[in-house]
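In what follows, chains are A, B, ... by sequence order, proteins preceding strands, each numbered from 1.
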Number of protein chains: 2
Amino acid sequence: MSDHDESALLPMVRKLAYWGDFDAADQSAILDLPHRTKRIERNGYIARERETTTHSCLLLSGFAFRHKIVVDGARQILAIHMKGDLVDLQNSFLGVADHSVQTLTDALVAMIPRDAIKQLALQRPRVGMAMWYDTLVDASVFREWIANVGRRDAHTRVAHLLCEFSLRLKVAGLGKATDYELPMSQEHIADCTGLTPVHVNRTLKLLEKENLISRRTSRSIRIGDWNRLADAGDFDTNYLHLREGESALARV
Amino acid sequence: MSDHDESALLPMVRKLAYWGDFDAADQSAILDLPHRTKRIERNGYIARERETTTHSCLLLSGFAFRHKIVVDGARQILAIHMKGDLVDLQNSFLGVADHSVQTLTDALVAMIPRDAIKQLALQRPRVGMAMWYDTLVDASVFREWIANVGRRDAHTRVAHLLCEFSLRLKVAGLGKATDYELPMSQEHIADCTGLTPVHVNRTLKLLEKENLISRRTSRSIRIGDWNRLADAGDFDTNYLHLREGESALARV
DNA sequence: CGGGAGGTTGACAATCGTCAATCAGAGTGG
DNA sequence: CCACTCTGATTGACGATTGTCAACCTCCCG
């Protein structure tokens, strides 16, 4: 794949390679996928609920989130995505989008036509299988979030979210597990956890008072004792289905 | 596929055929999948969190549910499955199960080895793609449940669940959309919606008083005006990604 | 007839939400 | 460099949806 060093899709190969035993042709096929990189500014939409999506995208930099709006206008965030994530394999294959995807920060994405991905999956089943696995991991995270929002109290919910971030940012190479910058406001945290911004604020304060976290600025999270926060958040890395090396990070 | 008329896996062909343009060989390959049918009694486990799963299963009759237990022992139900559903494509591919799957009633299942499914997906990409789509729909339902549990009040949550059941039972050929038997206790409903059994009880009573539902016995649900219940439940069929004919059922 | 699971109800408690004011920090124009 | 502004963070007082506890009832089944 020496002639592909420049492809913006390299992170996609890296992401998928874990699940499939790719040969050079598989890798080339991914890198050769037609795509167009695009800059999207903060709060820009990648997909809108009820619209038809024709492209999937690879997040090259920045953060994005999926969400739904319920009847009274409240927003529920369903997932956060970061550098290297394959966003919207979900919506694009099923036709009409069942949720919206929006950027949390300015972002750079590679837009890939849905049909090209479909062709790739059909012609190179190993790659198709790897993409399938990738969406299965997404689904696992959704399940954990159902449990988080459904059966944990505010304190545990927020701690859990902070742990998830900690690990995922580390794995994505975006910071240390014990010291990172939250890419979102307390209102976003509230919409992730099914709480109100006010209650999230109180909960963060409490976590701070308990010495589970400390904050230099309101968004910079430092975790003193990772295992203690994980306990508080009822956090078990299992659901992230990390590869060997990565889950080791959980033991700080 | 005339020589396969007896295969227990026929429902699997029917389920998947919608997503792929199968030829006779694809269909045969599915029907030829090695499998063993097995009877599981009520509350039996199909998979246990933290254990390794080697089989996926097709639910031939009865009901099943996925769930997680959180730290204080509370249970969160993640999904309900019924006749024809392909259960545990999720857990089995990712190795260690991140949640448990248990039957709600006595059930009959066809156990299919994970590796056989994997081989099928690699050798017949169209079938692989169809299975992928099937799990994407599961993921869509998970997302809706996050929103249900995270951002709707008890009244709306329960109404939403009743609507989802109504449609899915109808689609699975297990009852009329406006008159069906709930396969679960109020405690199960509570664990689906993140409420307590007591509050579920009160909510059902309220729905009854509002004439949104009526019950002959505690589990037989009759929906007077489907659209009114759907409004109360903030229910939009979109997330179920039903095929053409099926979503038409939504308009009763 | 006895036992058990599950449904129903009431009284009371508490987590979390609402409302509203104030504060802090980043960016902007003069 | 300083006012100005805007978004987001913080805090307090109060309210309410939902949980807890506990009793009792109902139905099913051996």
Side-chain angles (χ1 to χ4, degrees), chain A residues 41-43 63 65 70-77 104-106 148-162 181-209 213-221 232, chain B residues 41-43 63 65 70-77 104-106 148-162 181-209 213-221 232:
Chain A
E41 59 186 18
R42 195 164 86 106
N43 290 328
F63 292 86
F65 64 106
V70 300
V71 68
D72 61 0
R75 176 177 67 179
Q76 175 66 45
I77 294 182
L104 212 42
T105 62
D106 290 350
N148 202 39
V149 162
R151 283 295 186 219
R152 296 196 180 110
D153 64 19
H155 189 258
T156 316
R157 271 185 234 185
V158 173
H160 190 280
L161 186 68
L162 293 178
E181 200 68 20
L182 266 179
M184 57 187 180
S185 69
Q186 293 179 4
E187 182 163 3
H188 288 118
I189 297 180
D191 289 343
C192 287
T193 51
L195 300 167
T196 56
V198 172
H199 203 68
V200 166
N201 185 286
R202 289 195 251 260
T203 306
L204 287 171
K205 287 260 143 184
L206 179 57
L207 288 169
E208 212 168 4
K209 201 167 74 180
I213 61 170
S214 59
R215 299 179 294 170
R216 272 181 305 101
T217 69
S218 70
R219 298 194 187 182
S220 73
I221 305 293
Chain B
E41 60 185 16
R42 195 164 88 104
N43 290 328
F63 292 86
F65 65 106
V70 301
V71 69
D72 61 1
R75 175 176 68 179
Q76 175 66 46
I77 294 182
L104 213 41
T105 62
D106 290 349
N148 201 40
V149 162
R151 283 294 186 220
R152 296 195 180 111
D153 63 19
H155 188 258
T156 316
R157 272 185 232 184
V158 173
H160 190 281
L161 186 68
L162 294 177
E181 200 68 20
L182 265 181
M184 57 189 179
S185 69
Q186 292 178 6
E187 183 163 4
H188 288 119
I189 298 180
D191 289 344
C192 287
T193 51
L195 300 166
T196 55
V198 172
H199 202 68
V200 166
N201 185 286
R202 288 195 252 262
T203 307
L204 286 170
K205 288 259 143 183
L206 179 57
L207 288 169
E208 211 169 3
K209 200 167 76 179
I213 61 170
S214 58
R215 298 179 294 170
R216 270 182 305 102
T217 70
S218 70
R219 297 192 186 185
S220 73
I221 305 292

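- Within the 4.5 Å cutoff, side-chain heavy atoms of B:Ser185 are placed close to those of B:Arg219.
- Note: CG (B:Leu195) to P (C:dC16) measures 14 Å, nearest angstrom.
- When rounded to the nearest whole Å, the span between CZ of A:Arg151 and P of C:dT15 equals 16 Å.
- Using a 4.0 Å heavy-atom distance criterion, A:Leu204 is classed as making no nucleic acid contact.
- Taken residue by residue, residues 184-193 of chain A places heavy atoms nearer than 4.0 Å to DNA chain D at A:Ser185, A:Gln186.
- The shortest distance between the side-chain N/O atoms of B:Asn201 and the OP1/OP2 oxygens of C:dG7 is not below 4.0 Å.
- With C:dC16, D:dT18, C:dG7 as the choices, the nucleotide that has an atom nearest any side-chain atom of A:Ala154 turns out to be C:dC16.
- Among B:Asn201, B:Thr196, B:Leu195, the single residue meeting the side-chain contact (heavy atoms from CB on, under 4.5 Å) criterion with B:Gln186 is B:Asn201.
- Among the nucleotides C:dG7, D:dT20, D:dT10, the one closest to the side chain of A:Lys205 is D:dT10.
- Remark: C1' of D:dT18 and CZ of B:Arg157 are 9 Å apart, rounded to the nearest angstrom.
- Not counting sequence neighbours, the partners of A:Asp191 by the side-chain contact (heavy atoms from CB on, under 4.5 Å) test are A:Arg75, A:Ile77, A:Glu187, B:Arg151.
- A sub-4.0 Å separation between OP1 or OP2 of C:dT8 and a side-chain N or O of B:Arg215 is present.
- For the OP1/OP2 pair of D:dA9 and a distance below 4.0 Å, the side-chain nitrogens and oxygens of A:Arg219 include at least one atom meeting the criterion.
- Rounded to whole Å, atom P of C:dT9 lies 14 Å from atom NE2 of B:His199.
- Residues A:Ile221 and A:Ile213 come closest through the heavy atom pair CG2-CG2, 4.2 Å.
- Summarising the geometry of A:Cys192 relative to A:Met184, their closest heavy-atom pair is SG-CE, 4.2 Å, with the distance given to 0.1 Å.
- When every heavy atom of B:Thr193 is checked against every heavy atom of B:Arg157, the shortest pair comes out as O-NH1, 2.6 Å.
- Taking atom CG of residue B:Asn43 and atom P of nucleotide C:dA5, one finds them 11 Å apart after rounding to whole Å.
- Computed from coordinates, the A:Leu104 CG to D:dG8 P distance equals 11 Å when rounded to whole Å.
- Of all heavy-atom pairs between A:Asp106 and A:Arg42, the closest is OD1-N, 2.7 Å.
- For B:Val198, whose side chain is taken as the heavy atoms from C-beta onward, the closest listed nucleotide among C:dT9, D:dG8, C:dA20 is C:dT9.
- Here D:dT17 presents its P atom at 19 Å from CZ of B:Arg152, a figure rounded to the nearest Å.
- Counting to the nearest Å, the P atom of C:dT8 and the CG atom of B:Leu207 are 13 Å from each other.
- Scanning atom types as modelled, one donor and one acceptor separated by under 3.5 angstrom connect the side chain of A:Arg202 and the base of C:dT18.
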